[in-house]
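Quick caveat: nothing in here was measured; it's all calculated off a predicted structure. All chains are named by letter (A, B, ...) in the order of the sequence lines, taking the proteins before the strands, and each is independently numbered beginning at 1.
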Amino acid sequence: MDALASLAEASGRLRTQAADDALLRRWQTRATVWAASCDAAGSPVLLDAFHACLSHCDAAARLLVLDPGAEAAVAAASSRGIDAHVECVGDAADARKAALLAADALVVCGGGAAFVLDALAVGTPVTGVECAATMDAAGDAALLWRAGDPAAELIAATVERLRADAPLRARLRARGHARISRIAAPSESPA
Amino acid sequence: MTRIAIVVQRCDESVVGGSEALAWQYARLLSDRFDVEVLSSTAIDYVSWRDELPSGVRLRDGIPVRRFPTLFERGPYWYGLHQRMMLEVQPFAAPRDGAPLAWREALQDEYVRFQGPCCPGLDDWLRDHHPDYAAVLFCTYLYPTTYFGIAEVPAHKTLFVPTLHDEPTAYLPAFAQRYAAHRNRIWLTAAEQRTAARIWGYDEGDVIGMAVEHSESAMPESRARPYLLYCGRIEAGKGCDELVRAMERVADRGLTLVLTGVDNMGLPRQPWIEYLGFVDERRKFELMAGATAFVLPSQYESFSIVTLEAMAQRVPVLVNGRCDVMREHIERSGAGFHYDGLDDMVAKIGRIATLDSGERARIGAAGREYVLANYREERVRARLVEQVERVIGAAAG
């Protein structure tokens, strides 16, 4: 089994694990909620995008950063005066799942494939900036912008569109489900 | 013979449940014409969805039943979600400011998955093997077996039997979204179809219903004291608490309340309550045939086999008028009365208790005629076969 298939199987297991209910209650609101993953290079783009969301779309929006060691991103948020809206999710799978269940979208700005596969497995729409790992994981199941585009504004607008467009969300969920099924090895069926 | 599948959350001789009985009846009625396979879970208990039966294929009355293991039991996590759903998702709790629901679709999926029975093996089977079936019939909108399973089969070859009733869970938008494309639908009653139009926003499909046993009992129960009869799960959710309260208020009229089925509520000890536990079909029909009335206080019914069986035994029926389906049965048949609330229930019990023999005979005959006209096995089988052949024909064409 290749690495992606192995990650997809782990994401499939996440689907059948309970989320952290206390965190889910805290994060599940009618305000805009972003789950997010970024690497060092993507962090400014993510924070610019989220800032655009706060400024133009929803002043009560929240950003839940999935990456372990996301403290740097939170510190950068602090310097922009938006740290009250930003939270580190932590390493635990049940916390990660709570964030994905509460979120309108997973926003990826660099980083690995694992969170993308988790989002597809759980049924959370994925958007963000293209990179090889993200594209490899998401296939046609995500709305990704090229790194050269004015990505921050586009990402904020895409999350808003996802919030408003149920048929689009449904299409992405169906593609995400199909994507995970194709990548992961099928579970055993009774003879 | 052409191979078809029927998907249902539970399938075993020991299972008591309306939609399970419906799925099995459809399997039986279709098995003369098609090579039918039932796809189901290994669960028996509809609360825990515990993995109890062996997985794999077993024959039940000559029909193969392929069971897939349930992955986990329902637990506190789901009950927490359920509690929140009851407060946040019902129509009266809908946001009025245009803001989206706090329940994203991923969370709605989560709610359905952890309600159980969660059988990913069934989903995988349908994804990989649906080409082996000319049509796949899914029974009951509520459970993961249908909700996730139906997404694995092309919509043009699915037949969907929602058994929908107006309950809070039905308002989760994900259900309406998931089933919108699956337009080959079988409704049990016109009232169920109207409920779908109201809650989900679509109602295409045909009303077929279910065959109801109509042989008249040879030995109606004979008792000195008149009695009202209830058969089924004894639970507050089925309206049994209201029924007991109503009976308390007419206790001085000499009526007994006879109940059969599992008591999940804890019936009070009263001289006017007689609890019989499980009874076999023959005994049930004897009790029905001898009753002053059959009472169905449940608000959430999509068909109610047991009420129609009682009608076939010529017994007047009293049903909860807040359930559209039950009210429609009464209004179309003239087989009894419906009530709205406790006071009206007490009044209607009083009315039934004073029916003269002519009125009783007229009401009883109307109920039997209604059942024979609409729910005879031959009629249901013919319409069902026609539906399945239409879907297979369209899928092949």
More than 12 heavy atoms from other groups under 6.0 Å of CH2 on B:Trp78: yes
salt_bridge(A:Lys97, A:Asp20) N-O dist < 4.0 Å: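 Salt bridge between A:Lys97 and A:Asp20, a charged N being under 4.0 Å from a carboxylate O: no.
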Largest heavy-atom contact set with chain A, pairs under 4.5 Å, which of B:Asp123, B:Leu107, B:Leu81: B:Leu107
Non-hydrogen atoms of chain A under 4.5 Å away: do they reach the side chain of [X], the backbone, both or neither?
X: B:Glu105; result: both
X: B:Leu71; result: side chain
X: B:Glu152; result: side chain
X: B:Leu122; result: neither

Which answer fits [X], side chain, backbone, both or neither, if we ask what part of it has an atom under 4.5 Å from a heavy atom of chain B?
X: A:Arg173; value: side chain
X: A:Ala174; value: neither
X: A:Ala19; value: both
X: A:Ala103; value: backbone

Validation row, ring centre B:Trp49 to ring centre B:Tyr143 under 6.0 Å: yes
Taking every non-hydrogen atom, the tightest pair across B:Phe175 and B:Val112: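 Answer, listing the atom of B:Phe175 first, then B:Val112: CZ-CG2, 3.6 Å.
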Plane angle bin for B:Tyr141 and B:Trp200 - parallel if under 30°, tilted between 30 and 60°, otherwise perpendicular: perpendicular
Row check, B:Trp103 ring normal vs A:Arg30 NZ/CZ: under 6.0 Å, within 45°: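 No cation-pi geometry.
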Atom pair CD/CD1 of B:Glu167 and B:Ile199 - distance to nearest 0.5 Å: 8.0 Å
